[in-house]
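Data first, discussion second: the structure below is written as structure tokens.
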Amino acid sequence: MNQAMSKSDDANPWQTFEKTVIRLIAKAASVEPETVGDFTEIPPDSSLGDIATTISFHLTKEVKKNPAEIAAGIKTRLDELARDEPLIDRVEVKGPYINLFFDRGELAKRTLIAIKNRGEEFGRTEEFKGLRALIESPAVNPSKPWHIGHARNAVIGDTLGNILEAVGYDVLRTDYINNLGLQIAQLAWKLQKEGSTETDQKYDHFLGTLYVDVQKDFETNPVVEQGIRETSRQLEDPESTDAQVSEEMITRCLKAQNETSYRLGIYHDLQIWESAIAHSGLLDTAREMMLSCESVFIPNDGDKAGCVVAKLDDLEEFKDMKDPYKVLFRSDGTRTYTGADVAFQMWKFGIVSDPFKYAVFENQPNGEDVLRTTLVGDQKNFGRFDVVFNVIGSEQAHPQKLIYTILDLLGYEEQSKNSHHIAYEWVGLEETDFSGRKGTWIGYSCDLVLDKAAEIAREEVDKRNPKEGEEFKDEVAAKIGSGAVRYLLLKASPDRKITFRWMDALDFNGDAGPYLQYSLARAKRIIEKADSLDESTPDYSLLKDNLEYELLKALSRYPEEVLVVARGLKKEAWGTSFSSNRITTYCYNLASLFSKFYDALPVLKAEDSLKIARRGLVNAFIIAMTNCLKLLGIPVVDRM
RNA sequence: GGGGCCGUAGUCUAGCAUGGAUAAGGCGCCAGCCUGCGGAGUUGGAUAUCCCCGGUUCGAAUCCGGGCGGUCCCGCCA
């Protein structure tokens, strides 16, 4: 009894069926199961079966027969094996293709019981259990509001985190705060020079527009430039007035930026500030470790005399660099970006012991504190991660590769292998790219996009819920808007550029976030209106209609889909691709199958035993869809 | 000079890792479906030299070679 229960309570129902099929084919064709796996596919149309094999093509070389003959032979043996296998209904052969059909009742039963028993755990598996992962995202300069391109980074990072957690990783979500850059110096200089010209704008927006002005002066007025360069030097000294002014400015800016982040449902565990990297002693430790490696040294002469450089031209990827000596520390001893990044990456893996101190930055709307590094505060022991994912624009493929390569040169081969650059392309406009410097982001800030999305959603919510209060309408509209934006950013493959067009972004019909939320809201209405019946012995084998079956198959695949995306995070020469779009496609498809089912097959008007079975299906859809939306970070709405 | 990514109907995209049956979907266009569990829905239709040229293969949108177009990168910069 217990055994039977645990057998049907299956974390990955689809995989169970697939494995069974592969086992049978392997036996029937006398081949290794792995080989069968290589020649297994999902047929283009369900009428051709649930799983098909093209093993007959493969076998033509060994057996000197044509594929169709081979397939026919295998079918005879498969028929015999399938007779004793409850999961398989039948086998058909179409030319060289061998098509297998699952037992619909078994699939329905196993899938629905698994989903019911697992509830919000459905979709969680343990393939990567025990691994600790760090994600860095989105690392926006604290000098401007997020524009829609920054949101792409943040949303990719957040969804990546959700997926890693679903497959068993322990995840730390970090953000990198560059509080010592030139942009910060420009703003700190400007604020002190001109005093407060603050408007009632959100603070990050205020800084963003201020920055466009100061940048113009910086480029055209040498006196201004000189002043800002001096401020930049002063920022390196934490005791200086400039540093204190900038600290306050950055804190306010980050809090404003975080409001945007929270609107998208994105929360962090920890912020690492550049000042902590600069002043914690991390750099000195890292520098010594780097110099102990053969490829890192200080040239005595040449144009890089006195610098700490890494020699890279022995490596295939870098043999064509303009200059193979990459500077890590300048001749005056200061760090370059690459030098700091290598040291930081060493911290992430715990190659150096954690020199940072920590304090709470703020409490987030999800109830969790986000920590920040400080110069005075509590010691902890972060670092020591198994895998590191840096979500950074694809234009940085080369610098990222450099960092990981230097790690390898230092002798940390494993850590280098486990360093992942999750690359994504920019969101741009038809005419131009977003630039903080030129201010082309104005009109495309993430806040503005979210505002407009919520506004459009609100019109529709008004129409549909005339009796509801303002608070309800605003809240629902915000959730629909946020979900629409997240979906838009996730549905494009990260390595494809997105051209932002208001018409597309605000079109909520078809393949868009609201469609998913809507399908769930409709499902919930059915359950809400259901009368009470004895559901203790549902007969799920009644769910035999094609529309029901397609929905069931999609439901059974959910855990496998998540795993496929996680397994797909394989490191390649120039980056690690993350198919966020695979999950949006799955989710859209699931919603679409439910909508077709909803449209064609009544639940509440079906006769009792069928009604109970269909309600089971609807409930399972609600669970799986909810879990999938959470994975994508799209808010669940009960009514819309 | 070298390298990354992208090129698929009017348009936006999926499929490419691991080659397989009729190249899938959204928007837009045309024609249906509300006395029906919520029409942000659903049914049907028209629209494709899968950038080009070769090669491998029984079979190529997918793999390999060479091009073309777009874009990004190859600083003691930031």
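In the text below, chain A, chain B and the rest are named by the order of the sequence lines, each starting its count at 1.
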Check your understanding: Taking atom P in both B/rU57 and B/rC50, what distance in whole Å separates the two?
Key -> 23 Å

Exercise for review: Apply ring pair (Phe, Tyr, Trp, His ring centres under 6.0 Å) to the pair A/Phe39 and A/Phe57, showing each step before the final yes or no.
Suggested key: CA-CA 9 Å; A/Phe39 294 92; A/Phe57 289 114; 8.8 Å; no

Exercise for review: Please determine, for B/rA31, whether a Watson-Crick or G-U wobble partner exists with both distances under 3.5 Å, and give it or none.
Suggested key: B/rU43

Review point. Taking RNA chain B as the partner, which of residues 597-611 of chain A come within under 4.0 angstrom of it by heavy atom?
Key: A/Tyr598, A/Asp599, A/Leu601, A/Pro602, A/Val603, A/Leu604, A/Lys605

**Study point:** Watson-Crick/G-U partner (both atom distances under 3.5 Å) of B/rG69
**Key:** B/rC6

Practice item. Between B/rU47 and B/rG39, how far apart are the C1' atoms? Round to whole Å, please. Key: 26 Å

Review point. What's the CD-P distance between A/Gln517 and B/rG41, to the nearest Å?
Key: 13 Å

Check your understanding: Once you round it to whole Å, what is the distance between P of B/rG3 and CG of A/Asp313?
Key -> 17 Å

Check your understanding: Where each residue is assigned the nucleotide of RNA chain B containing its nearest heavy atom, which of A/Arg525 and A/Tyr337 is assigned the position nearer the 5′ end?
Key -> A/Arg525

Review point. Rounded to whole angstroms, how far apart are OH on A/Tyr424 and C1' on B/rG4?
Key: 16 Å

Review point. NA contact type, A/Arg229, heavy-atom cut-off 4.0 Å: base, sugar-phosphate, or nothing?
Key: sugar-phosphate

Point to revise | Check: A/Ser579 side chain, A/Asn581 main-chain N or O, donor-acceptor pair, under 3.5 Å | key: no

Check: protein-nucleotides 73-76 of chain B nitrogen or oxygen pairs below 3.5 Å:
from   : atom 1 : to       : atom 2 : distance (Å)
B/rC76 : OP1    : A/Lys304 : NZ     : 3.0
B/rC76 : OP2    : A/Lys304 : NZ     : 3.3
B/rC76 : O3'    : A/Arg330 : NE     : 3.1
B/rC76 : N3     : A/Ser331 : OG     : 3.1
B/rC76 : N4     : A/Asp303 : O      : 2.7

Mind listing the side-chain donor-acceptor pairs of residues 40-48 of chain A below 3.5 Å, one per line with the distance, residues two or more places apart or on another chain?
from    : atom 1 : to       : atom 2 : distance (Å)
A/Thr40 : OG1    : A/Val36  : O      : 2.6
A/Asp45 : OD1    : A/Ser47  : N      : 2.8
A/Asp45 : OD1    : A/Ser47  : OG     : 2.7
A/Ser46 : OG     : A/Glu550 : OE1    : 3.3
A/Ser46 : OG     : A/Glu550 : OE2    : 2.5
A/Ser46 : OG     : A/Lys553 : NZ     : 3.1

Practice item. Please lay out, stage by stage, how A/Glu230 and A/Gln226 fare under the test side-chain hydrogen bond (donor to acceptor under 3.5 Å, both in side chains). Key: CA-CA 6 Å; A/Glu230 177 54 27; A/Gln226 204 191 347; over 6 Å; no

Exercise for review: Starting from C1' on B/rG38, measure out to NZ on A/Lys463 and report it in whole angstrom.
Suggested key: 14 Å

Review point. Quick one: A/Lys529 NZ to B/rC37 P, roughly how many Å, whole number?
Key: 7 Å

Check your understanding: When you look at A/Arg615 and A/Asp531, which way does the salt bridge (Lys or Arg N to Asp or Glu O under 4.0 Å) test go after all the steps?
Key -> CA-CA 11 Å; A/Arg615 262 155 50 172; A/Asp531 47 352; 3.2 Å; yes

Point to revise | Integer-rounded Å distance: B/rA14 P and A/Glu561 CD | key: 16 Å

Revision key, fill the gap. The glycosidic conformation of B/rC34, counting syn as within 90° of 0 and anti otherwise, is syn

What nitrogen or oxygen pairs link the protein and nucleotides 19-24 of chain B at under 3.5 Å?
from   : atom 1 : to      : atom 2 : distance (Å)
B/rG20 : O2'    : A/Glu41 : OE1    : 3.0
B/rG20 : O2'    : A/Glu41 : OE2    : 2.9
B/rG20 : O2'    : A/Tyr97 : OH     : 3.4
B/rA21 : O4'    : A/Tyr97 : OH     : 3.2
B/rA21 : N7     : A/Glu41 : OE2    : 3.1
B/rA21 : N6     : A/Asn99 : OD1    : 2.9
B/rA21 : N1     : A/Asn99 : OD1    : 3.0
B/rA21 : N1     : A/Asn99 : ND2    : 3.2

Exercise for review: With heavy atoms under 4.0 Å as the rule, sort A/Ile480 into base, sugar-phosphate or nothing.
Suggested key: base

**Study point:** Spacing of A/Lys596 atom NZ relative to B/rG41 atom C1', expressed in whole Å
**Key:** 10 Å

Review point. Looking for any heavy atom pair under 4.0 Å, which part of the strands does A/Met640 touch: base, sugar-phosphate only, or nothing?
Key: base

Point to revise | Separation of the C1' atoms in B/rA46 and B/rC30, to the nearest angstrom | key: 7 Å

Review point. If we take the P atom in both B/rG38 and B/rU8, what is their distance in whole Å?
Key: 41 Å

**Study point:** Sorted by number, the residues of residues 482-490 of chain A with heavy-atom contact under 4.0 Å to RNA chain B
**Key:** none

Check your understanding: Would you say B/rA78 has OP1 or OP2 under 4.0 Å from some side-chain N or O of A/Asn141?
Key -> no

Point to revise | Separation between the P atoms of B/rC51 and B/rA60, rounded to whole Å | key: 16 Å

Point to revise | Side chains of A/Ile498 and A/Ile148 in contact at under 4.5 Å (non-hydrogen atoms) | key: no

Practice item. With C1' as the reference atom in both, quote the distance from B/rA9 to B/rA14 in angstrom, rounded to an integer. Key: 14 Å

Exercise for review: Sticking with atom C1', work out how far B/rA23 lies from B/rG59, rounded to a whole angstrom.
Suggested key: 15 Å

**Study point:** Nucleotide B/rG38, atom P - distance to CD of A/Glu468 in whole Å
**Key:** 15 Å

Review point. Touch check for A/Val461, heavy atoms < 4.0 angstrom, all strands: base, sugar-phosphate only, or nothing?
Key: base

Practice item. Look at the side-chain N and O atoms of A/Tyr515 and state whether any lies under 4.0 Å from the OP1 or OP2 oxygen of B/rU42. Key: yes

Review point. Hey, is the side chain of A/Asn509 poking within less than 4.0 Å of OP1 or OP2 on B/rG41, counting only N and O atoms?
Key: yes

Practice item. Indicate yes or no for a side-chain donor-acceptor contact from A/Arg614 to the backbone of A/Pro602 under 3.5 Å, with no hydrogens or angles considered. Key: yes

**Study point:** Flag, side chain of A/Glu560 to backbone of A/Arg557, donor-acceptor distance under 3.5 Å
**Key:** no

Practice item. Give the intermediate values and the outcome of side-chain hydrogen bond (donor to acceptor under 3.5 Å, both in side chains) for residues A/Ser394 and A/Glu425. Key: CA-CA 6 Å; A/Ser394 58; A/Glu425 279 290 344; 2.9 Å; yes

Point to revise | Any donor-acceptor pair under 3.5 Å from A/Thr440 side chain to A/Asp433 backbone | key: yes

Review point. How far, in whole Å, is B/rC68 from B/rC76 if one measures between their P atoms?
Key: 31 Å

Review point. Where the side chain of A/Thr499 meets the backbone of A/Gly428, is there a donor-acceptor pair that is under 3.5 Å apart?
Key: no

Distances under 3.5 Å between nitrogen or oxygen atoms of protein and nucleotides 5-13 of chain B:
from  : atom 1 : to       : atom 2 : distance (Å)
B/rC5 : O2'    : A/Asp495 : O      : 2.9
B/rG7 : OP1    : A/Arg496 : NH2    : 2.9

Review point. Would you say A/Asn465's side chain and A/Val461's backbone share a donor-acceptor pair under 3.5 angstrom?
Key: yes

Exercise for review: Determine whether the aromatic ring centres of A/His421 and A/Tyr404 lie less than 6.0 Å apart.
Suggested key: no

